[in-house]
Number of protein chains: 2
Amino acid sequence: MPSAFEKEKDNSLANKSEKITETLKRAILAQRLLPGAKLGERDLAEKFDASRIVIRQALIRLANDGLVTIERNRGAFVKKYSLQEAIEIYDALTLIEQGVAAQLAARLDRAGWQILQDHIKLQADAIEREDNDMADDLGAGFHSLLVSLTNNRVIQDIHAQVVQRSHLLRSLHISRFDYCNLLEEHSKIVDLLQRGRLKQVMELIDHHHHHVVRGYVMDFSDHPAMSLHEALSPFIAEGGGSGASVGTAE
Amino acid sequence: MPSAFEKEKDNSLANKSEKITETLKRAILAQRLLPGAKLGERDLAEKFDASRIVIRQALIRLANDGLVTIERNRGAFVKKYSLQEAIEIYDALTLIEQGVAAQLAARLDRAGWQILQDHIKLQADAIEREDNDMADDLGAGFHSLLVSLTNNRVIQDIHAQVVQRSHLLRSLHISRFDYCNLLEEHSKIVDLLQRGRLKQVMELIDHHHHHVVRGYVMDFSDHPAMSLHEALSPFIAEGGGSGASVGTAE
DNA sequence: CATCACGGATTGGATACCAATTCTCTTTTT
DNA sequence: AAAAAGAGAATTGGTATCCAATCCGTGATG
């Protein structure tokens, strides 16, 4: 009876509250809930078929991660970052990734370099296929991959946190940046890193993020912002969602 | 009636739940609640004269900050970091402060350097007075001060988060490290930084944290750990606390 | 002696209810 | 008629109470 394989230590989202947190987070990061969108407790409770309490717990977690703001007696909203904050976020990202690069330049082994180059090749293929969504994911994933090679979960978590916030900025800008260019920079980073040209790597990462943030055309107008129901339906198991056009909004 | 000075935007802990969060955090960081201590919802609710729900919200926030762990159906405990995690935390701290140092070396103006040197002098005075607690605070404060000079709130918050976690490590080690030595290093950091000797600064920061983490003698035995009531009474407004021996445990 | 079953005890969650604040829309006043 | 004032609805913050699930220790049982 006591099969030895039971204690899987299923750490993944045992709590309803955490599940809701993750779902909301995904909806926000996927830009289905845009900055400024109101996250009413009653509405969410209804959509998730949960009590207001677990909703509030989820909102507290998201607020703690900087993805929503909770205004007293007014409610929770998807966080709207200012241009100044956008710059700070990218500066933080630069700082972290520069530090990671320095660590990796000293410590990474052959297998590690291979992983990075494989990843870059994947992205290059995606671009050739003109699979923009995939290229987007891989392009962002490159940075996370870089960080994960430090084998330091604390740094990974911090980095992930800042990356998440940076996703909130993407809905504030219009122009899509040039993937090829970014890819080339990624490739150059790995190359320089491997050859120990640390200083140039630093400058490149700095330039890389400046390139992104400068590409932003801040757009603080109020977007139409689909309703909560529309925004969340593809994430909550139930028919309703005409899930065709999830990825690309405009 | 509408006095122009009313909208003070009192952002400071309007919520009961947040107040409790901060109080618990202070108690944990002050090492009155040691790693492994159980934070029972019922007990806390009683001590804070609050409902279990706001307690849980506070615990969720603390868990999100990595100060407590919540084990399903078992409760919340002050987080007990492993040696591996301790190393990761100090690595993260090193990474952040190195990055900050690099930024400051390029950007800091005269007033900034003065602030740093004033701070060091304060600590030196405290050491001469043999005011260990003060020296401790100032020593830790140096790093936060350094980070705050970036004028980047995101980086400051991240740094503060990691520093908080590092406080949880201090209760796991026995030997107190040598303040004078650390002070000297701080002073040297500022000096080198100002002269643009970036590489040496990096090595010094690295060495600095290694110095701390190597000074640790991990002690995983269960400390007696005073009761919740004892631990929290000085933080909750009421007579009870014989506040004499708060700072220095052993 | 090992195993299983049975109660506490604690957490996770739901529901109902109330207080405080904000928002909105109507009413009143000038 | 425009602006100020006010009443009422809606929303959040919080409490109390109840119930289900789970964990843990204890004791019965083979």
Side-chain angles (χ1 to χ4, degrees), chain A residues 1-4 6-24 33 36-64 68-79 222 227-229 236, chain B residues 1-4 6-24 33 36-64 68-79 222 227-229 236:
Chain A
M1 232 64 86
S3 81
E6 272 193 332
K7 297 233 158 178
E8 259 289 329
K9 193 73 171 189
D10 199 355
N11 218 353
S12 59
L13 313 183
N15 290 6
K16 192 166 186 174
S17 149
E18 285 180 23
K19 245 181 285 187
I20 293 174
T21 307
E22 286 310 310
T23 302
L24 278 177
L33 292 169
K38 165 135 201 193
L39 304 172
E41 291 183 4
R42 265 185 82 76
D43 297 329
L44 290 175
E46 201 173 322
K47 286 289 159 256
F48 283 103
D49 189 36
S51 72
R52 274 177 53 209
I53 292 181
V54 292
I55 299 294
R56 194 170 332 165
Q57 288 169 354
L59 292 175
I60 286 176
R61 268 187 268 255
L62 292 173
N64 218 308
V68 316
T69 50
I70 298 178
E71 298 179 25
R72 180 176 173 84
N73 282 319
R74 288 198 12 92
F77 307 83
V78 179
K79 180 116 188 181
D222 276 339
S227 72
L228 265 188
H229 177 72
I236 302 173
Chain B
M1 227 67 95
S3 83
E6 272 193 332
K7 297 231 158 178
E8 260 289 330
K9 193 76 169 188
D10 198 355
N11 219 351
S12 59
L13 312 184
N15 290 7
K16 192 166 186 175
S17 150
E18 285 178 24
K19 245 182 285 186
I20 293 175
T21 307
E22 286 310 310
T23 303
L24 277 176
L33 291 170
K38 164 136 202 192
L39 304 172
E41 291 184 5
R42 263 184 82 76
D43 298 330
L44 290 175
E46 202 173 322
K47 288 288 158 255
F48 282 103
D49 189 37
S51 72
R52 274 177 52 207
I53 290 182
V54 293
I55 299 295
R56 195 171 332 167
Q57 289 168 355
L59 292 175
I60 285 175
R61 268 188 268 256
L62 293 173
N64 216 308
V68 316
T69 50
I70 297 179
E71 297 179 24
R72 180 173 172 86
N73 282 318
R74 289 199 11 91
F77 306 84
V78 179
K79 179 116 188 181
D222 276 338
S227 71
L228 264 187
H229 177 72
I236 302 174

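From a predicted model like this one, the values you see are computed outputs, not experimental measurements. Reckoned from all heavy atoms, side chains included, excluding hydrogens, waters and symmetry mates. We name chains A, B, ... by the order of the sequence lines, and we start the count at 1 in each one.
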Nearest-angstrom distance from the residue atom [atom1] of [X] to [atom2] of [N]:
| X | N | atom1 | atom2 | answer |
| --- | --- | --- | --- | --- |
| Glu71(A) | dT12(D) | CD | P | 12 Å |
| Arg52(A) | dT15(D) | CZ | P | 13 Å |
| Asp49(A) | dA14(C) | CG | C1' | 11 Å |
| Ile55(A) | dT15(C) | CD1 | C1' | 15 Å |
| Glu41(B) | dA16(D) | CD | P | 15 Å |
| Asp43(B) | dA9(C) | CG | P | 13 Å |
| Leu59(A) | dT12(D) | CG | P | 9 Å |
| Ile53(B) | dT10(C) | CD1 | P | 18 Å |

query = For dA14(C), does either OP1 or OP2 sit under 4.0 Å from a side-chain N or O belonging to Lys16(A)?
reply = yes
request  = Check for a donor-acceptor pair, side chain of Lys38(B) on one end and backbone N or O of Arg74(B) on the other, with a separation under 3.5 Å.
outcome  = yes
query = With sequence neighbours excluded, what pairs up with Ile53(A) under the side-chain contact (heavy atoms from CB on, under 4.5 Å) test?
reply = Ser51(A), Gln57(A), Ile53(B)
request  = Begin from the C-alpha positions of Val78(A) and Thr69(A) and carry the test side chain to side chain contact (heavy atoms under 4.5 Å, CB included) through to its verdict.
outcome  = CA-CA 6 Å; Val78(A) 179; Thr69(A) 50; over 6 Å; no
message = If you only use heavy atoms from C-beta on, which nucleotide in dG13(D), dG12(C), dT15(D) is closest to the side chain of Val54(B)?
response = dT15(D)
Partners passing salt bridge (Lys or Arg N to Asp or Glu O under 4.0 Å) against Arg42(A) (at least two apart in sequence or in another chain) =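 Salt bridge (Lys or Arg N to Asp or Glu O under 4.0 Å) list for Arg42(A), sorted by chain: empty.
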request  = Search all heavy atoms of Ile55(B) against all heavy atoms of Phe48(B) and return the closest pair with its distance.
outcome  = CD1-CD1, 4.0 Å
Position toward the 5' end of DNA chain C (nearest nucleotide), Arg42(B) or Ser51(A) = Arg42(B)
task = Could you tell me whether Ala50(B) contacts a base, only the sugar-phosphate backbone, or nothing, with contacts defined as non-hydrogen atoms closer than 4.0 Å?
result = sugar-phosphate
request  = Look up atom CD1 in Ile70(B) and atom NZ in Lys79(B), then write down how far apart they are to the nearest 0.5 Å.
outcome  = 11.0 Å
ask   = Between Ile20(A) and Leu44(A), does a side chain to side chain contact (heavy atoms under 4.5 Å, CB included) hold up when you go through it step by step?
value = CA-CA 9 Å; Ile20(A) 293 174; Leu44(A) 290 175; over 6 Å; no
Sort me out a list of protein N/O and nucleotides 22-26 of chain D N/O pairs below 3.5 Å, or just none if empty.
from    : atom 1 : to       : atom 2 : distance (Å)
dT22(D) : O4'    : Asn73(B) : ND2    : 3.2
dC24(D) : OP1    : Arg74(B) : NH1    : 2.8

